Amino acid sequence: MLAYDEYRSPQGTMLIAATPKGLAGVYFKGQKHFPKQRQWQRDARHPVLRQAKRELSEYFAGRRTRFSVALDPQGTDFQRSVWKQIARVEFGKTLTYGELARRAGHPGSARAAGAATGRNPLGIIVPCHRIMGADGSLTGYAGGLQRKRALLALECGS
């Protein structure tokens with residue numbers, strides 16, 4: 001069973017979820033791939049959720065560039081390998097899907113890396129908004145391109 005709570009970010013209300021091991025989901029309400037909340041229990045006191053909300057608040061206030069909350073995302077081995085590489089993209093930096101695939105050990109699999117990126121359950125915490133098209137263009141973001149643009153502007157100061 002997952003514990004969950006809501007977080008009101010400057011980019012809209014988010015649903016955050018955790019297992020006993022760590023943060024399992026950070027989703028903008030209404031985004032693509034928004035989870036069905038079956039057998040979830042609301043728990044605003046859950047320590048992982050409290051830490052995640054604190055760290056997200058610091059991020060949006062410009063006082064945090066890396067997250068330290070424990071993570072427990074659920075996905076395939078391939079997805080987790082991609083998400084692990086996304087988590088390594090530094091604050092204010094970007095990476096192409098092709099380079100992401102290469103770093104995840106799957107050169108030539110940019111489309112598959114893009115699909116895995118789109119299924120990232122830990123938006124912002126695992127910063128998939130930092131992943132770009134081959135030509136540096138903004139492409140796909142489950143939370144919407146307007147939010148992707150805003151998150152990048154927050155990080156790059158523009």
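Every value quoted in this text rests on a predicted model; they were computed, and no experiment measured them.
Scanning both residues, His106 and Ser81, for their nearest heavy atoms gives NE2-OG, 3.8 Å. Heavy-atom minimum distance, Pro73 versus Leu122: CB-CD1, 3.7 Å. Between Leu49 and Ala18, the closest heavy-atom pair is CD2-CB, 3.7 Å. Among all heavy-atom pairs drawn from Arg50 and Arg45, the shortest one is CD-O, 3.4 Å. The minimum heavy-atom distance linking Gln85 with Leu100 is given by the pair CB-CD1, 3.6 Å. What you find for Met14 and Ile124 is that their closest heavy atoms are CE-CD1, 3.7 Å.
Side chain of Glu99 to backbone of Thr96: no donor-acceptor contact under 3.5 angstrom is found. One N or O on the side chain of Trp83 and one on the backbone of Ala116 form a donor-acceptor pair closer than 3.5 Å. The main-chain N or O of Gly140 is found under 3.5 Å from a side-chain atom of Lys148 such that the two form a donor-acceptor pair. Here the side chain of Arg119 pairs no donor or acceptor atom with the backbone of His33 at under 3.5 angstrom. The closest donor-acceptor contact from the side chain of Arg130 to the backbone of Lys93 lies at 3.5 Å or more, if one exists at all. Side-chain atoms of Glu55 do not come within 3.5 Å of backbone N or O of Arg64 as any donor-acceptor pair.
Residue-environment remark: CD (Glu90) stays at or below the threshold of 12 foreign heavy atoms within 6.0 Å. Counting non-hydrogen atoms of other residues, nucleotides and ligands closer than 6.0 Å to CZ of Arg111 gives a total of 12 or fewer. The environment of Arg42 atom CZ is dense: over 12 non-hydrogen atoms of other residues, nucleotides or ligands sit within 6.0 angstrom. Crowding of Gln146 atom CD: a count of heavy atoms from other residues, nucleotides or ligands under 6.0 Å not exceeding 12.
Leu2 and Ile16 sit in two unconnected hydrophobic clusters of ILVMFWY residues. Membership requires side-chain heavy atoms under 4.5 Å apart, directly or through other members. Tracing side-chain contacts under 4.5 Å through hydrophobic residues (I, L, V, M, F, W, Y), one never reaches Tyr27 starting from Leu145; they form parts of separate clusters. Taken together through direct or relayed side-chain contacts under 4.5 Å among Ile, Leu, Val, Met, Phe, Trp and Tyr, Phe34 and Leu56 form parts of separate hydrophobic clusters. Both Ile131 and Leu154 belong to a common hydrophobic cluster when Ile, Leu, Val, Met, Phe, Trp and Tyr are linked at side-chain heavy-atom distances under 4.5 angstrom. Connection of Phe28 to Phe67 is established within a shared hydrophobic cluster, with ILVMFWY side chains joined at heavy-atom distances below 4.5 Å, either directly or through further cluster members.
Ring geometry for Tyr4 versus Trp40: interplanar angle of 30 to 60°, hence tilted. Aromatic ring orientation, Tyr7 versus Phe60: parallel (interplanar angle below 30°, classes split at 30° and 60°).
In this structure, the separation between OH on Tyr97 and OG on Ser109 is 15.0 Å, given to the nearest 0.5 Å. The distance from the CZ atom of Arg80 to the CG atom of Leu71 is 12.5 Å, given to the nearest 0.5 Å. The CD1 atom of Ile86 sits 10.5 Å away from the NE2 atom of His129 when rounded to the nearest 0.5 Å. Here Thr94 contributes atom OG1 and Glu155 contributes atom CD; the two are 10.0 Å apart, rounded to the nearest 0.5 Å. One distance of note links NZ of Lys53 with CZ of Arg8; it measures 10.5 Å at 0.5 Å rounding. The distance from atom OG1 of Thr19 to atom CD of Gln74, rounded to the nearest 0.5 Å, is 7.0 Å.
Within the 4.5 Å cutoff, the side chain of Leu138 has heavy atoms near those of the Met132 side chain.
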